[in-house]
Every structure is written in C-alpha cells, then in structure tokens.
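Take a look at the structure set out below.
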Amino acid sequence: MRLGVCKAAAFPHLARPFMPELEKTYTPADVEARWYQRWLDDKCFEADPARVSEKRPAYSIVIPPPNVTGILTLGHVLNNTIQDILARRARMLGKEVLWLPGTDHAGIATQNVVEKTLKKQGVIKHRDDLGREGLVAKIWEWKEKHGGIIIEQLKKLGASCDWSRERFTFDDDYNACVMRVFVDLYKKGLIYRGKRMVNWCPSSLTALSDEEVVMKAQNAIMYHFKVEVVESDGTPVLKQDGKPWELVIATTRPEVIPGDTAIAVNPQDERYTDLIGKHVRRPLPIEKQELLPIIADDHVDFSFGTGVLKVTPAHDKADYEIYLRHEAKYSSWEDEQLKVTKGFTKTADSTNLSNYVPMMEPIDVMHPNGVLNELAGKDLAGMERFAARKRAAELLAEIGSLVKEEPYQNNLGYSERADVPIESRLSEQWFLKYPSVKESQAVVANGEMKFHPDRWAKVYDHWMTGLQDWCISRQVWWGHRVPVWSRWVGTNTKLPSVLAAALEAKAAGGKRQERFECSLSGLPGHTTILSEEGAPDGESWIISLATASDQEKAIIESPEYQEFEQDPDVLDTWFSSWLWPFATMGWPEKTSTLKAFYPTTDLVTGPDIIFFWVARMIMAGFEWMGELPFKNVYFTGIIRDKQGRKMSKSLGNSPDPLELIASYSADALRFGIMRSAPLGQDICFDEKNVELGRNFCTKLWNAARFRQMQGGATETEISAALLSSDDKWILLRLNTAIAEVSTALEEYRFSDATATLYRFFWSEYCDWYVEASKAVLQGADEKRKANTLAVIDFVLGQTLRLFHPFLPFITEELWHGMGFNADMPENQGGKSIMFAPWPKPLDADELAHFGILPEDEKVVNAQIELVTNTRSQLSTMNIPRSKQPELYFEPNPSNSEIVWTQVDFDKIQVMLNAKSFEIYPSNFTPISSTTAVLSSAGTLYIPLEGLIDVEAERARIGKELAKAQSELEKVTAKLADEKFTSKVPQKVLDEHQQRKTDWREKLAKLKEMMAALG
RNA sequence: GCGCGCUUAGCUCAGUGGUAGAGCAUUGCCUUCACACGGCAAGGGUCGCAGGUUCGAACCCUGCAGCGCGCACCA
C-alpha cells in the first residue's frame, strides 16, 4: 500500500520533482511579503456563498473591528492570530471560510484624535472654527488618508481576511442599518428621550454610558464642616444643654455645597429624629446662605461619618434619587391630604408621609466643561472644578465652618477615554431599553452559545440580570446622527398639510404621547414615526419625526418642514457595532452571504468588551435576525508586561508588533504569542517567546534543508517490511501529535497546541528521529535509505500542514520549496498549503498495514532511556567525546517486547559516537575498568581502561544503590500494607508490582557492579 | 461589601487522587558533514499557609493569607 494512494486526499504524494537546495538561511521578510501578495492575487481568502454545501459547510467569523484610527497592538496580534488560526484550520478542514474584516469609526476617540491633530497643525483653535459639517468633512478626509493603517498591519501579520468584503461602521450602507435599527426601536417605544442623571465627561463634553466609566481609587481629602440647625424662620435650635445645635457634615466635594438643597439623615437614626423637619443654614455661597430642610431617607448610612448627608441632587446620582423619592412622596402627600399647608408637621411615626418636606429644585452649579457657574456664588464662579474645591475649603475655613480635613481614599468614576473624573449631570439624552433580553440571557445560560472559558458566562449573566437603560446619545459630531427631527408646536401652529392630516387622522381615535407610523412622501415602504410629547403647561408640545428613509428625510429637510430641526446628537459607537455580525453581511436584504454565513461560528475578543459589545451583539442578533449571532465566544487574556502591568501607551511598556515582525518575522511573533496564551489566563508578554518562535522557524527550515541534502526525489512508497523501530515510533508520535493538536484547537487551547507542535517537532522528530535515522541515511543500504526518506517526507508533509495555521508563511514556502504541492489537486494543496487537507491520524487499517502496534513506542522509549543514561554517565565521568568507546550490550531479559535488530545497534553506535556495539557475551565477567549503564532496555557495559576513577565510580554506584534500596523498601512496604492492597484498583496494584520488580532488578545489577569494582 | 481567577523550579506556566513536569534562564562539555537562532548533559521545587477526607492529596473539602480582575459602593 502506498500512502498517497490509500487516502489520496489525506496524504501527500511521496514522489516529487527534484528541487533546488533551499537557501542556507531563511529570509522571512521577503518570503512573507511575497506569499501574502500571492494569496491576495489568487483570491485565497475570498469566501463564496455559492460554494457552501452540505459537503462544504460554512465557517465564519467577524473581526472585532479595530478603531479606524488605531495602530496594531499586541492585543490585536493575539486576537487576530487566534482568528487566523481558526480560519486557516477551517479551510484545511474543507470548509468555506469567511473571515469578515473592517474597522470601527470609533466616534469620540476618532474625533478626539483628529481635533487634536488639527489643533496641533494650527488649522483650528476650536472645533467651532470648522463647524459641524466642516469638522466631519475633515475627519472623513483624515480617515481616507490614515484610516487603513491597521488593516495593512493586519496583512503583515498574515491575517487571511476576505478583504473584498471590508466594512466600516460609518459607510453609507452601514449607516442605513443603524438608522433603520434606531427607528425600529423608537417605534417599539424602546428608545426614549429624557432628562436624567448621566455620566458626563467634562473633557469630551458628552454624555457616556455606564460602561464607559471606570472606577479608580483616589487619594482625596474629606472635609468636615459644621452647620447650625435652625427653625424655618431662622431661629437657632437648642440642644438640651441649651447650646445651639450644630451638625458636622463630611464631604469630598465642598465646591458643590452651593448646589446643596437638603440635609438627609436616616429615619432610624435616633440621634437625629428630633431634627427631621428642622433646617440648617447652607454655608456657601456666602452671599446666599439658604436654609435647607433636614429630611429623612433610608439611603443614609448612619454608621458612616457623622450620619449626616448633604444632598446635592444636580451633581450626584444618589442625591438625585433622594430628590426624586422625596418629590414623589411629598407630592402624593400634598395632593391627597394637605395641599393647603405646605408646612411641615412632625409626628412620632417616622414613616408617616408628613415627615417628608419639600425639596428645592436641583441647583446645577457647574458648566458642562467643569467650570463653576454663577450659581456657585461669586467666590467660585469661573473656577475650574478642582481649583474651586480648594477655594471652597478655604472659604469654609474663613467663615469658621471647617472643622477638619483628613486624607481619604475613595473610588471615583473616570471617563475611560479622556481619563478625567466624570461628573454626574442632569441632562436631556436618548435612552434605550434593551431588546430581546430574555432570549439573550437564556442562550448563554442554557449552553446553546458557549463562552470559552465558561466562567465569563456568569459575568455575562450577572450583567444581563441588572440591565440599566443604555444612554445612547453623544454630544459629538463624528457618528451616526440621531434620525429624529422635532419642533415645538402650539394649538395654533400651522403644520405641513401631510403632517397635519396624519395627526388629525390619529387624533380622532388616539390620544397624546403616542407614536405612530405615517408616510410623508407617500411612497410605499417609506415611513416616518410621528410622536407627540406634551409640555408641562399643556399649551405647547413637541412633535418629533423619526425616519430611516432618505426620501422621508428629504421631505423633512425641505423648506416646508424647515422648523423641524434634527436632533444634534450622534449615537454611541457601540450602537453601530452591536449590528456588526449581520450589518456587514448585507442586512436588511436577505443576502446569500447572510444565508450562508449567519450565524457566525466563532467570535474572538477580549473580556473587557463583554458588555460593550458581546452582550449587545447577542441582543441585536435576536432582535433583528431572530437568531444568535455566533455559536462560540472565545475570550482572550489581557496582555501584560513582565511585571504584570497592562500594556499601555503611557507606561511605554508596549512593544511595537511591527518592529517585532521586522526583527523576528510574523510567524515568529504569532508562534511566540500563541505559546504564551493559555486559555483563560492573562498573558505575560516576554520578547523571549518571539525569539523562541524565530528559533523554531529556523529549526523547521534547517530540518527541511537536511531532508533535501539527502537527495532530491524519492520514488519509493513506504514499505511496511522495511520500517525500523524508529520509523514506527515517529509515525506513532505523529499520530499522537495530530490528535493532540486537533483536540486542543477544538477546545481553543492554543498554547497547548503550540506546546505539542514544539515537542513533537523539536524533541521527537529532530532530536531523536532525525538523529536516529542518520545511521541509515549514511549507511549503504539504499533500499532502507529510500524507505527512511519516504517516512521523513510523509512526516514533514503532515507536519507542515499541522503548523500552517500557526506559521502560515514558512510552511507555505517549504510546502512549495520542497515540492509537496507538486501533484496535489489544485484545491487541495496544489495551489497553497492552506487548502491542503488537515492531517488525520493513521487509522487502525493503516496501522495494521504497516504492522505498527501501539507497543512499538515502548521499544524506542527504552532505547532513548539507554542512550540518555549512557550519555549522562559518560558526561558525568568526563569521558571525552573523542574517546569512541566500545560498547557491550546485554538486553534486559524481562523486557522481551524489544526485538533488537542490527539497525538498532548501528543507530545506537552512531548516536553514542561509539567504536563498536556488540552483544555482551554471556560468559564475560566485568572487569574493574568497565562501567555499566542501566536502563529498562538492558545493561550497557563500557570498558574504559584508564579513564575510570574507581573511587568516584564506587561513590556514584553507592549513591544509586542507596536510592534503589530506599525506593524498593518504600514500594515493598506499601505492597505489604493490607489497607493499601485491599483498597487499591488492580491497575495501580500492577504498577506498584512492576515498580517493585524494576527496583529489585536494578538493585541486583548495582550490587553486581559494585562487586566488579572490587 | 459581593463574585471570579491565580498562588508548583530563578522566570513563564503544564499537571483534576497513585514515582513532581516543560520551555526559558543558569552551569558544564561539544564549532560532530541540517541548524550555535544548534547539540549533549547537569543542578534546581517540603506544589502559598493551616486543618480535614482518603490506604494514598499539587489535585477533593473547609478556613486563612497574598496577588489580580469584575460588579456594587459611603457623603
């Protein structure tokens, strides 16, 4: 049987044309550039939905779109190498592969970058210099010029993306998807506009979602200041001892004291129950020291500080909630019972509604940019918030209010992007109630969609359980514009006729504050969602028009509708990226691409965007495709430096991947980073690993060269009769490697896969098999030599394929350079190794054909032990390599599995650089100048006249003897223990028995050796 | 505060009940006709600590400590 024939698709042909010798050194830069271009030219990465069939299943993966302004980081290298490995292996498994690439417009980040650049270049001083359209035009210009950098960098890495399908989250088609989705959610009532407390970035001047805020530990100062308790008319409230009652309040933000509207205590706090309903005099601003009511709220923790909380509803989320609670309770109480008397009546029952007093409206004392405004008072107005803080403390000190200040550690929310503390700020924004939450939560919980490692499923579930509405509007210019136009109208406002008619038609049966669909253009399929929102006074209200249709939009922007203004906000970047898996495939059309490749197979991303992106994509998938967007999510680790710190620009600890590629090659970088990326762990990056990858490639190259030096073509099939023990051994080891690598990849254990490849190729193939084969290759038996070369060719061919997903470039170069492609079908490796079938282990029939038994491995394993032990001993004894000893071998009679052949003897002789190798004569008695090496294969006697230090040898053997003695005693004692033998499984018992036998034999041998020394 | 992860050789990490492993680093020898980006060998660990279960624990259980991360947060 001939390997190439028995499974044509699965095995390379063994005969190949003579190839010129490979270059002595491998030059990756040329090779990588050349092959990547060739792959592009040959359209190797392009996916064709038409090719998908039952026999050729689809495999798809969408790239996590990097920021269009981005440059390649090690994080990208990790992430995209993994995707490339998955994609390339899928191709080799005969799948139709789509790896869909693209970039993200990255709203705030991109606008920041471009604005900064323009300011640096002196083009503008402020964005208003250009205005909205001007700036957006500049950003587009900039994007066209610099936007593709990261894409080119990904190509350098070898990424096999289908570049013909590259997408951008802000291109026209994509924008249409976003609009459509917005209007759809708006129509469903899931998107609403409202005045809420939001996270405000005073640097970027925009609202942020909760996910864009990171908590940071902060060294702050806690200021304690005192206030006087007074009645509502200002008269002091006295304590029992007759002294004025004062409260001490702690705060880290004295600059917002002018925004305080109440003082809160816990209703259960007995210290203060008598004070509820009284007032305090607010110390700041000095010129306007208003009286603030003391109110009760359960939120106050009376074990914290003095148990007295100042309430600043315009600048603190929790305080704003207190305000809302009290407003709600007070107004209901007011309405129902005591509308007349707005005054406060204290009762003993603290839960009685009459314990609530009205609060002032929130006082916003800050401009959006973090500078204090006039409401903060003349002393603070115009000051930047941190300077104002210091000043406020000084003011408190000046008026004798400040009691103490002490260092205090607290957590503060920072804007993730601008890296400045955020402000909680009351503002009008767009919010989204998440859609398809139930299905999305269930699909992960029930295992239909798998997270790897699965502990992230818990994190996901937790987040999905406590979903807060998503603030989707941003006050920047670069992004998808909110497709809503609105205007205030009154009862007498004259509206465009179509609109008026639509409203009237609806008004007949409907009521206010409703959303309904109509068509302004009258064109079928083009609609606008109309909504009315009442104003507080009922005299005027807002009409809003939302549409995703260009035709409708044109009408709204026509002169007739001129008083309708488009909402100035743009949408959160993630509001576009959550559509990525289907918006990139032609949605909302039912394209052949969607049909073939959606849902995608795998998603590879970092756990840091599990909420930002992964969770939201799942919800979007269900909402608009009615199906999950991907079946598996692989979460990579975070790359850290040797000290365990995150890679960051500010620390300067992030190596440039392109420099690494330049000095070590892309293959080396890929291999290095995969080797150090265990599943579920953060990655400690060390350039050493890349160096190791480079060394590995060199080794691969030289192993290939070695093969070529043995002669070009082999016309021989592998002959079962001529297989040596080493041939069988390496074929078995290859089987194991194929199985291990395949399993590891199926389980996303990339570092395990690389470890196996490394071990197999370096330790097993190069260090043992090639060395062991040299005896044959340098010998005179041409038939045997040819057979060995045939085995080598088979192993190398399989190895290159196993390596291809990890090392795409060098494997392709060698695949062609050695002629493996020569007579493979075009689509199975003839054109590129990337389409060569993924190796399969030899099956039972094939093993039987070659007469290979699983036990055959043990033969060589024993020989390895013998050779290693001998080398070790010669080395320990300082025997020079030039010595070339004569070897006398006594096979271990109890190891009958080993059938020794002359090939084995020749091999061992070569490997030990010996003069001769003979079977030890049974009647031979060891002499004192002979050392002996023990192994399970047998005993090797080495006469070393004059080279043996008898004393040292005696000491050495003595040590080993002691060790053998103690091991034997241990195992004997164990086996004599009734408790052990009666409870242990047979297998373990056998192992111990075997161990006992082995140690006993070894002990006997050692004693013999000791005796021989005299 | 709640949750998750980690702790094994100098470093980075494998090892889910049966004789403690790999790579790197270190040391020694070898410029042997694929490779010094190489070969051969050596040294190096009471598996974070304390209990428990078991004939037997790096591994299972409990507690503790340290490090990291996520969520929630008190002014």
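Computed from a predicted model, the values in this text were never measured in an experiment. Only this structure's heavy atoms are used, side chains among them; waters, hydrogens and symmetry mates stay out. So that the names make sense, note that chain A is the first sequence line, chain B the second, and so on, each numbered from 1.
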Rounded to whole angstrom, note down the [atom1] distance from [N] over to [M].
N	M	atom1	result
A9(B)	C49(B)	P	11 Å
G68(B)	A41(B)	C1'	39 Å
U12(B)	A25(B)	C1'	11 Å
C35(B)	A42(B)	C1'	23 Å
U46(B)	A58(B)	P	13 Å
G56(B)	A22(B)	C1'	26 Å
G18(B)	G38(B)	P	35 Å
G10(B)	C4(B)	C1'	30 Å

Heavy atoms only, 4.0 Å cut-off, all strands: where does [X] land among base, sugar-phosphate and nothing?
X	value
Asp316(A)	nothing
Val300(A)	base
Ala318(A)	sugar-phosphate
Tyr408(A)	sugar-phosphate
Thr868(A)	sugar-phosphate

Among U19(B), A41(B), A75(B), which nucleotide has an atom closest to any side-chain atom of Ser872(A)?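 In terms of side-chain proximity for Ser872(A), the closest of U19(B), A41(B), A75(B) is A41(B).
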Does [X] have any salt bridge (charged side-chain N to carboxylate O under 4.0 Å, His left out) partners at least two apart in sequence or in another chain, and if so, which?
X	value
Arg253(A)	Glu255(A), Glu423(A)
Glu740(A)	Arg759(A)
Lys310(A)	Asp260(A)
Lys963(A)	Glu967(A)

Salt-bridged, [X] to [Y], with N to O below 4.0 Å?
X	Y	value
Arg271(A)	Asp269(A)	yes
Asp906(A)	Lys774(A)	no
Arg616(A)	Glu211(A)	yes

Residue list, ring pair (Phe, Tyr, Trp, His ring centres under 6.0 Å) with [X], at least two apart or on another chain:
X	answer
Phe706(A)	none
Phe671(A)	Phe696(A)
His992(A)	Phe980(A)
Tyr664(A)	none

Can you tell me how far [atom2] of [N] sits from [atom1] of [X], to the nearest Å?
X	N	atom1	atom2	value
Ile638(A)	C67(B)	CD1	P	20 Å
Phe750(A)	A14(B)	CZ	C1'	18 Å
Leu309(A)	C73(B)	CG	P	15 Å
Leu757(A)	A22(B)	CG	P	19 Å
Lys216(A)	C73(B)	NZ	C1'	18 Å
Asp608(A)	G68(B)	CG	C1'	15 Å
Phe451(A)	G70(B)	CZ	C1'	15 Å
Leu412(A)	A72(B)	CG	P	15 Å

If the sugar-phosphate is the primed atoms plus P, OP1 and OP2 and the base is the rest, what is the B/S/- string for nucleotides 23-39 of chain B, using protein heavy atoms under 4.0 Å? SS-------B-BB-BSS
Between Phe451(A) and Trp456(A), is the ring centroid distance below 6.0 Å?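 Distance test on ring centres: not under 6.0 Å, no.
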Do side-chain atoms of Ser872(A) reach the backbone of Thr868(A) as a donor and acceptor pair under 3.5 angstrom?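 Here the side-chain-to-backbone pair does not exist.
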Quick test: give all pairs of protein nitrogen or oxygen and nucleotides 53-60 of chain B nitrogen or oxygen below 3.5 Å, distance rounded to 0.1 Å.
{"from": "C55(B)", "atom 1": "OP1", "to": "Lys983(A)", "atom 2": "NZ", "distance (Å)": "2.0"}

Both Lys458(A) and Gln409(A) contact RNA chain B. Taking the nearest nucleotide for each, which residue is further toward the 5' end?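 Residue closer to the 5' terminus by nearest nucleotide: Lys458(A).
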Specify the residue among Trp768(A) and Ala250(A) whose closest nucleotide of RNA chain B lies further upstream toward the 5′ end.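 Here Trp768(A) is the residue nearer the 5' end.
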Toss me the dot-bracket line for RNA chain B: Watson-Crick and G-U wobble, both under 3.5 Å, 5' to 3', using | for pairs to another strand and [ ] for crossers. ((((((((.[[[[.)..(..]]]].(((((.......))))).....[[[[[..)....]]]]])))))))....
Please confirm whether the shortest side-chain N or O distance from Arg455(A) to OP1 or OP2 of G5(B) is below 4.0 Å.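 Checking Arg455(A) against G5(B): no side-chain N or O falls below 4.0 Å of OP1 or OP2.
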State which residues pass side chain to side chain donor-acceptor pair (under 3.5 Å) with Asp990(A); sequence neighbours excluded, sorted by chain then number.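 Gln986(A).
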